[in-house]
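Below you'll find the structure, written out as structure tokens, and then a few comments.
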Amino acid sequence: MQLHMNTSPRFGEPLTRGDRKSFGADVIAEVREYMAPLRYAVTSLHRMNALAQTMHIGALLLKDESARSSLGSFKALGGAYAVIRLVVAEAEKRMQCPVRASELSSPVVREIARDMTVACATDGNHGRSVAAGARLAGCHAVIFVHSGVSEPRVAAMRELGAQVIRVRGSYDDSVAEVIRIAADANWLVVSDTSWPGYEQVPTQVMQGYLMMVDEVLNQCHERAVLPTHVFLQAGVGGFAAAVAAHMSLRMSRAAPRFVVVEPERAACLFKSAIAQQPVRIPAGAPTFMAMLECYEPSLIAWRILESLACGFIALEESEALRAMQRLAFPFAGDPFVLSGESGGAGLAGVMAAAARADVREMLGLDQRSVVLVFNTEGATDRLLYESLLSGANATFGRDTAAGQPTGVP
Ligand SMILES: Cc1ncc(COP(=O)(O)O)c(C=O)c1O
């Protein structure tokens, strides 16, 4: 692993007024209202005591998004939420009156939705969320995927009724293609990444993630435990920025340190932090953390993380695999966590950081630290999950107590 400490002159500066408004406590009521039709479950916050002990930190909290919904990842919150907002906004425009999210299933709103097409590019999870939102609202969804997106992930989007179009190249090529085609076809682009002049919809996608952040803060308060550090995996950075922005606005002086974790093979935020400006990095060998394979940060995310992230970690592939395996084969007393390739990357960052004295020192990680991570996905590609874990039982199963459930349930 490599660590780059944030040296930007913007580090520690307050967020812009717009970002404070978009990601502060006041939006939560609105988020809850528009999220209600999706009927998502509250997810668990696990305490991983045995793993924390081996890392010589005070506590490890893990918010488990694998069980958020049948979509299997936290992304279920963002894309679907943005689709609902777009449909409600269109209904308000056409009906010339306020429309509530609870009216989404009314015949008149469904009739309006039937005329609408939403489109996005995806590595898998965001597209599933957009497809699920479109199905719920009754509009059409066209999802663009790049060559690296696995067939089971494409099938999952088709099962939700979306049309899926494969594009040659990387995630960034699929983003370029959706913009080009949607402009001609008059489709609404529901992107989880933002660029100059395109911020409103990605802001809504990120606002959807706040549901999870609000939940975790409430869970921490109930248990009277506040994190000192949060390790956040990043693709384009929307997830990490939404969490960091909301937590820092809610917790102000008590806000924890935020550390961004990316695969070394797709470390666009890490490289942007070194350059002190958003940079597009060249595509290289693919990372197995497929959902994090992005080569250019989201503009909103970069702006927020440049102010709030104290450090940026670039992970080796083997480090991420080790975390995923540890979650599948936990130490005695810790819960089993179903964690897909990108789900455990934040934890992998903690494990790699905690093992190095110099990194512990730089991040202020010690026996008093309370570290929060998010398992952002379950086994969203089951076959791949099983193949990545095959053989791990021999190494990791040893640490688990006899009689403990281990491995794939
Ligand atoms: C499971 C999972 N974790 C993390 C991320 C990273 O989110 P972002 O691209 O907003 O940084 C993604 C993105 O698709 C994801 O699917």
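Just follow the structure's listing: the first ligand is 1, and inside any ligand the first atom is 1.
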Among side-chain atoms of E377 and T380, is any donor-acceptor pair under 3.5 angstrom?
-> yes
Closest contact, heavy atoms only, P278 versus W302 = CD-NE1, 3.3 Å
Below 4.0 angstrom, N of the basic side chain to O of the carboxylate: do E33 and R100 qualify?
-> yes
Is N125 close to ligand 1, meaning an N/O of one under 3.5 Å from an N/O of the other?
-> yes
Is ligand 1 less than 4.0 angstrom away from at least one heavy atom of F374?
-> no
For atom CZ of R223, is the number of surrounding heavy atoms from other residues, nucleotides or ligands below 6.0 Å larger than 12?
-> yes
Using a strict cut-off of 4.0 Å, indicate which atoms of ligand 1 neighbour a heavy atom of E377.
-> 1 (C)
Would you check whether L292 reaches within less than 4.0 Å of ligand 1, judged by its heavy atoms?
-> yes
Enumerated ligand 1 atoms positioned under 4.0 Å from heavy atoms of M291 = 2 (C), 12 (C), 13 (C), 14 (O), 15 (C), 16 (O)
Are any of the N/O atoms in T376 less than 3.5 Å from those in ligand 1?
-> yes
Given I143, T122, N125, the one that forms side-chain contact (heavy atoms from CB on, under 4.5 Å) with V130 | I143
The atoms of ligand 1 lying under 4.0 Å from a heavy atom of A234, numbered in the order shown, are 11 (O)
Would you indicate whether the side-chain heavy atoms of D123 and H146 approach each other to under 4.5 Å?
-> yes
Nearest to atom 9 (O) of ligand 1, what protein heavy atom do you find, and at what distance?
-> V236 N, 3.0 Å
N or O contact, G237 vs ligand 1, cut-off under 3.5 Å | yes
Per the side-chain contact (heavy atoms from CB on, under 4.5 Å) rule, which among L51, L45, L327 passes with L62?
-> L327
Under 4.0 Å to a heavy atom of G235 - the qualifying atoms of ligand 1, by number = 6 (C), 8 (P), 9 (O), 11 (O)
Please report which non-hydrogen protein atom sits nearest to atom 14 (O) of ligand 1, along with the residue it belongs to and the distance in Å to one decimal place.
-> K75 CE, 3.2 Å
For G238, atoms of ligand 1 separated by under 4.0 Å from a heavy atom | 8 (P), 10 (O), 11 (O)
Less than 4.0 Å between a side-chain N and a carboxylate O, is that true for K63 and E215?
-> yes
At what distance is the nearest protein heavy atom to atom 7 (O) of ligand 1, and which residue and atom is it?
-> F239 CB, 3.7 Å
R85 NZ/CZ over Y34 ring centroid, <6.0 Å and within 45° of normal | yes
